[in-house]
Amino acid sequence: MFVIAIHGGAEPLTPADLSEAEQKQYLQGLDEALTAGYDVLESGGTALDAVTAAVMAMENNVLFNAGRGAAFTAAGTHELEAALMRGDTLEAGCAAGVVNLRNPVLLARAVMEKTEHVLMVGSGAEEFAREQGLEFDSDDYFFSEKKAEELQEKQEAVTRDTIGAVALDRHGNLAAATSTGGLTGQLPGRVGDTAIIGVGTYANNDTCAVSCTGDGEFFIRTVAAYDVSCQIGYQQRSLKEACRSVLDKIAALGGEGGIIAVTPAGEVALEFNSGSMFRGWRSENGKGDIRIFRTE
Ligand code: ASP
């Protein structure tokens, strides 16, 4: 049994907000990312490699707010953050406040695998990434017309097309990874939920693997991802109920977003309280779904 689920962010979108061509591009981007992760799982690879591959595919796709398509800060810069966690050992790695790095998820993974630390930020994290041979690129690579317009035209608007993946592999192990450029117009130096273990990202073989997207501050205040895990572990709630309950707490505080999660039994949840969430899942026999808008 294996399964992967991904998100490309939860946003207040209705079908009227995206042209058919745009919808097609997003669906294709999600399909490519799912396929990258699915192929790893199908060939017997690990959940950790699968979520890394899926997240990298979306970091390389300018449509999504991570890596190449990262949102602009109020200063017109891009500050990247990412995290990943494995459910068997509870090892985790995160990076935040990093600039010009193509694949922040690889830095998070190197922090986990090559250091004694969990979270690294700023210039020290960048220096470490260089030592690890990770690829940096020019500001031009990270320029996206869409994100630049969002900064100019709607300073108040949020970009929430952060990306993430959760997976269960054939060996019974879970993993989660999340990567983002943060919120459009955020103050330089702001760190969101993505890079914080137990908030935007969490994995534990005893309960579930979780990746979140949305108004990061609300996810931090509700310790969202760990709350999903706790509700399953302590209260024996179903995965869907646990995700909904956390989203309800976030909504009660005035926040919006989405949560994807998977259990060791292969149960998948893709829940959101916003208008839309770019999302998809695929399991062993190729069964799955890719969607943007609400279905109900
Ligand atoms: N959660 C991210 C943040 O607050 C934004 C997003 O999900 O797109 O940085």
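Each ligand, and each atom within it, is numbered from 1 in the order the structure gives. When a residue number appears, it is its place in the shown sequence, counting from 1. Computed from heavy atoms alone, side chains included, the values below leave out hydrogens, waters and symmetry copies.
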Can we say Glu131 and Lys114 salt-bridge, meaning some charged N sits less than 4.0 Å from an Asp/Glu carboxylate O?
-> no
Residue among Asp31, Asp289, Asp39 satisfying salt bridge (charged side-chain N to carboxylate O under 4.0 Å, His left out) with Arg282 = Asp31
Report yes if some N/O of Asp215 lies less than 3.5 Å from some N/O of ligand 1; otherwise report no.
-> no
Between Gly182 and ligand 1, does any nitrogen or oxygen pair lie at a separation below 3.5 Å?
-> no
Between Glu59 and Arg68, is the closest basic N to carboxylate O distance under 4.0 Å?
-> no
So the atoms of ligand 1 within less than 4.0 Å of a heavy atom of Asp161 turn out to be 8 (O)
Looking only at N/O atoms, are Gly192 and ligand 1 under 3.5 Å apart anywhere?
-> no
For ligand 1, the portion of Glu256 having any non-hydrogen atom under 4.0 Å away | neither
Side chains of Phe278 and Ile163: closer than 4.5 Å at any heavy-atom pair?
-> no
Distance, nearest 0.5 Å, that separates CG of Asn65 from CG of Leu183 = 8.0 Å
Quick one: does Met58's side chain get under 4.5 Å of Ile6's, heavy atoms only?
-> yes
Hey, is Arg190 one of the residues with a heavy atom under 4.0 angstrom from ligand 1?
-> yes
Please confirm whether Gly9 comes under 4.0 Å of ligand 1, counting heavy atoms of the residue only.
-> no
Does any N/O atom on Asp193 come nearer than 3.5 Å to any N/O atom on ligand 1?
-> yes
